[in-house]
Amino acid sequence: MTKGKISVHTDNLLPIIKKWLYSDSDIFIRELVSNAQDAIMKHKKLASIGEAAPESKYEVHVCVKKDDNIITISDNGVGMTADEVEKYINQVAFSGAEEFIKKYENEKDEKSKIIGHFGLGFYSAFMAASSVEIDTLSYQTDSKPIHWLSDGGSEYEIGEGTRTQRGTTITLHVSDDSKHFLETSQLRMILTKYCSFLPVEIYLTDGTEEPDTAISPINDTNPLWLKNPSECTEEEYKEFYHKVFLDFNDPLFWIHLNVDYPFNLKGILYFPKLNHELQSIEGQIKLYNNQVYIADNIKEVTPEYLMLLKGVIDCPDLPLNVSRSFLQNDGYVNKVSSHITKKVADKLTGLYKADKENYSTYWDDINPFVKYGCMRDEKFYERVKNAIIFKKHSGEYISLQEIIEEQTKEILYITDAESQSQYISLLEAENAEMIYLNNNIDNHFISLLEYKLPEIKFKRVDSYVSESLKADDSSDASNEKIIELFGKYATGMKVEAQALKSDCVPAMIILSEEARRMEEMTKMYGNMGMLNMPKAEETLVVNTNCELISNIAENSNQELQETICRQIVAMAKLSHASLSGSELTDYLNQSVDILYKLIKQ
Ligand code: ADP
Ligand code: MG
C-alpha cells in the first residue's frame with residue numbers, strides 16, 4: 001500500500017465546497033450514479049467494438065447499510081487500473097474541485113443556485129461522507145483490483161484490493177451531519193429526483209430484502225422524450241405527464257421536441273389545464289443532461305415564459321461546468337431558446353388554423369402563456385400573432401386579425417362583468433361589440449398591442465360613451481343649469497350633461513382610459529416615488545334624456561333638489577363600485593329618509 005499527497009493548492013477545499021453546495025447537498029448521489037452509468041456506457045461501447053468481453057446485464061446498485069453508516073454505489077462498468085485511479089481520481093477529480101472553487105469565487109456573493117445544479121463530480125462524495133473508499137477492477141486483462149481511501153483532505157491511500165468482479169464500488173462512510181441519507185426512503189426520493197430516466201437500470205437495496213424476490217429498478221431506462229414522436233401514442237404522452245408532474249388532469253396538448261442538427265435537443269412540452277380561473281400559473285420545466293436530471297426552471301437555460309408550461313428538456317450538449325454568466329451569453333442556449341420559441345408558436349398557429357372552434361376551448365387555459373410569451377419575446381409575438389383571439393361578450397371568439405381587418409378603431413373591453421354590468425347593458429342595447437380582458441396580464445398585453453398596432457385602441461366599457469349612445473347633440477341652456485346643480489354634489493369629478501339614448505339611467509360615471517391605466521400601473525409598482533399621482537379622472541355624465549333629470553332642474557323645492565342630486569350621484573358611484581365606506585352609509589341613510597317621506601305622504 002502507498003500513501004500519497006494530492007497536488008492541490010489548498011488543503012481544505014471541502015469546507016468551502018460544503019458551504020457553497022449546502023442547499024443542494026444531495027447531488028453527490030446524482031454525481032456518483034452518473035459516474036457509474038458513464039463507466040457502464042464506456043464498457044458497452046468497448047464491448048460493441050470487440051475490445052471488451054460482452055456483458056449480458058449492466059446494472060448499478062445503490063445499497064444503504066444503516067447500522068454500519070454506509071452507502072455503496074456499485075457498477076459493472078469499465079473499472080479503473082491503479083494508473084487510472086491516480087490520474088482520474090487523484091488528479092482530475094480533485095483538481096476539478098479546485099477549479100470549481102476558482103470559477104465560482106467571484107460569484108459567491110450572489111445566491112448562486114446554479115453551482116449546486118451543476119456538479120462537482122466524484123469529489124462531491126465528501127459532501128456526505130467523512131471518508132470514501134473505492135474498490136475497482138478494470139476490464140483490461142491482467143489488471144489487479146485496487147483499493148483507494150481518502151478523507152477528502154489532500155491525502156489518500158492506495159493499494160491492492162480484493163474485488164473479483166469487473167467494475168467499481170464507491171463506499172461512503174456517512175458523516176454525522178449527513179445521517180439522514182441513510183434512510184432508504186430519503187435515498188429513494190433523491191434517486192427518483194435525479195435518476196428516474198437514466199439509461200442503465202438502478203436498484204436500491206438496504207439488505208433487508210428477501211433473497212429471491214425480484215426488485216424493480218427505480219428508473220425508466222427509455223424515457224418517452226427519446227422515442228420517435230411518430231411512435232408515441234396519446235396515452236403514452238398523458239401517462240408520462242401524470243407520472244412526472246403528478247398532475248391528475250390531462251394536459252391540453254403537447255409538443256415533442258426532437259432536434260439532431262445543428263444541436264441536440266429532445267423533450268416534451270405540455271400545456272397544462274388550469275384548475276380554476278384564479279389559479280396562478282406555475283409551470284415546471286425539468287432540465288436534463290443526457291437523461292440525468294439537473295434542476296427545474298433554470299432561467300439561464302429555459303426561456304422565461306416557457307416556465308409557465310410543464311415539460312422536460314434534455315440537452316446533451318449543454319456545457320455543465322460553466323458559470324451562470326457564461327450560460328447567459330452562450331450561443332447554444334440562445335439557439336435552443338429560439339428553436340423552442342419557433343416550435344411552440346408553430347404548434348399554436350397550427351392548432352388555430354386546423355380547428356378554430358377547438359382552439360377556442362383551450363384559450364382560457366393558454367392565453368396567459370401566449371400573452372406573456374408575446375411580451376417577453378418579440379419573435380414569439382411575430383410568430384403567434386395570428387393565433388391571438390379574444391372572447392366576446394356574446395360568447396363567440398374574435399381574432400386579433402379580424403379586429404384589424406374590420407378596422408375597429410376602439411375595442412371595448414370588460415374586465416369584470418359584475419361591477420361593470422350597468423355599462424355593459426347600456427352598450428349591449430346598442431349592439432356594441434365587447435370583448436373580455438379579465439386576466440391580470442391583460443393590462444400589459446393591451447399596451448403591447450397598442451404599441452405594435454397604433455391603429456387600434458382599447459377602451460374599458462366604463463371609459464366610453466359611444467357616439468351612438470348620445471341621442472343628439474342638441475346642447476341647450478338647461479344643460480348649464482344641470483352641470484352647475486350636480487357640480488355641488490359630484491366633488492372631484494367633472495360633470496357633463498348629455499342626452500343618452502337610454503332614458504332609464506339618470507347618471508353614470510366615465511373614467512378616462514389613460515388616467516385609469518396610469519393609476520393601475522402606479523398601484524402595481526407600489527407608488528414608487530409617485531405619491532402625488534392624480535386619481536384617475538372621473539366624469540359624471542348626467543343624462544338629460546332621463547325625465548328625472550329634466551324635472552329636477554326646473555323644480556323649485558331646494559331640499560328636494562338636493563336629496564335627488566345626492567341620491568343620483570351616489571347611485572352612479574354605486575354602480576361603478578366607487579362609493580367609500582362613509583359615502584355608502586350616507587347613501588343608505590338618505591334612502592331610508594326617502595322611504596319615510598313616501599310613506600308619510
Ligand atoms: P467526470 O465524470 O466529469 O469526468 P468525475 O469527478 O465525476 O468527473 O470523475 C472523474 C473520473 O473518474 C471520471 O472521468 C472517470 O474516468 C473516473 N471515474 C469516476 N467514477 C468511476 C466509476 N464508477 N468507474 C470508472 N471510472 C470512474
Ligand atoms: Mg462525473
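Order of listing sets the numbers, starting from 1, for every ligand and every atom in it. No experiment lies behind these values; they were computed from the predicted model shown.
- When atom types are taken as modelled, the side chain of E55 and the backbone of K57 share a donor-acceptor pair closer than 3.5 angstrom.
- At a heavy-atom distance under 4.0 Å, only side-chain atoms of I89, from C-beta outward, approach ligand 1.
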**Report entry** Residues L257, L269; criterion side chain to side chain contact (heavy atoms under 4.5 Å, CB included); working and verdict
**Finding:** CA-CA 8 Å; L257 304 163; L269 296 176; 4.0 Å; yes

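- Residue E31 has no nitrogen or oxygen atom sitting less than 3.5 Å from a nitrogen or oxygen atom of ligand 1, judged on distance alone.
- Among D247, N297, D296, the one residue that satisfies the side-chain hydrogen bond (donor to acceptor under 3.5 Å, both in side chains) test with Q284 is D296.
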Query raised in the report: side chain to side chain contact (heavy atoms under 4.5 Å, CB included) between I73 and V60: does it pass, once the steps are laid out?
Result: CA-CA 7 Å; I73 294 116; V60 176; 4.3 Å; yes

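- D442 pairs by the side-chain hydrogen bond (donor to acceptor under 3.5 Å, both in side chains) definition with K371, not counting sequence neighbours.
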Could you go through residues 224-231 and list every donor-acceptor pair under 3.5 Å that involves a side-chain atom there, pairing it with any protein atom two or more places apart or in another chain?
residue	atom	partner	partner atom	Å
W225	NE1	D314	OD2	3.0
N228	OD1	S230	N	3.1
N228	OD1	S230	OG	3.1

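- Using 4.0 Å as the threshold, M80 has a heavy atom nearer than that to some atom of ligand 1.
- Between the side chains of T168 and T136, at least one donor N or O sits under 3.5 Å from an acceptor N or O.
- Here is the list of ligand 1 atoms found below 4.0 Å of a heavy atom in K42: 16 (O).
- At a heavy-atom cutoff of 4.0 Å, ligand 1 is contacted by the side chain of D75 but not by its backbone.
- The distance from ligand 1 to the heavy atoms of G121 drops below 4.0 Å at these ligand atoms: 5 (P), 6 (O), 7 (O).
- Legend: residues meeting side chain to side chain contact (heavy atoms under 4.5 Å, CB included) with N440, ordered by chain and number and at least two apart, are absent.
- Of the listed residues (G167, S124, A39), the one carrying the non-hydrogen atom nearest atom 24 (N) of ligand 1 is A39.
- Neighbours of the Mg ion (ligand 2) restricted to protein N, O or S atoms under 2.8 Å: the count is 1.
- Panel note: side chain Q91, backbone Y88; no donor-acceptor pair is recorded below 3.5 Å.
- Of the listed options V33, N35, T168, N35 places a heavy atom closest to atom 1 (P) of ligand 1.
- The OG1 atom of T208 sits 8.5 Å away from atom CD of E210, with the distance rounded to the nearest 0.5 Å.
- Taking distance alone, with nitrogen or oxygen atoms compared against 3.5 Å, F122 approaches ligand 1 more closely than that limit.
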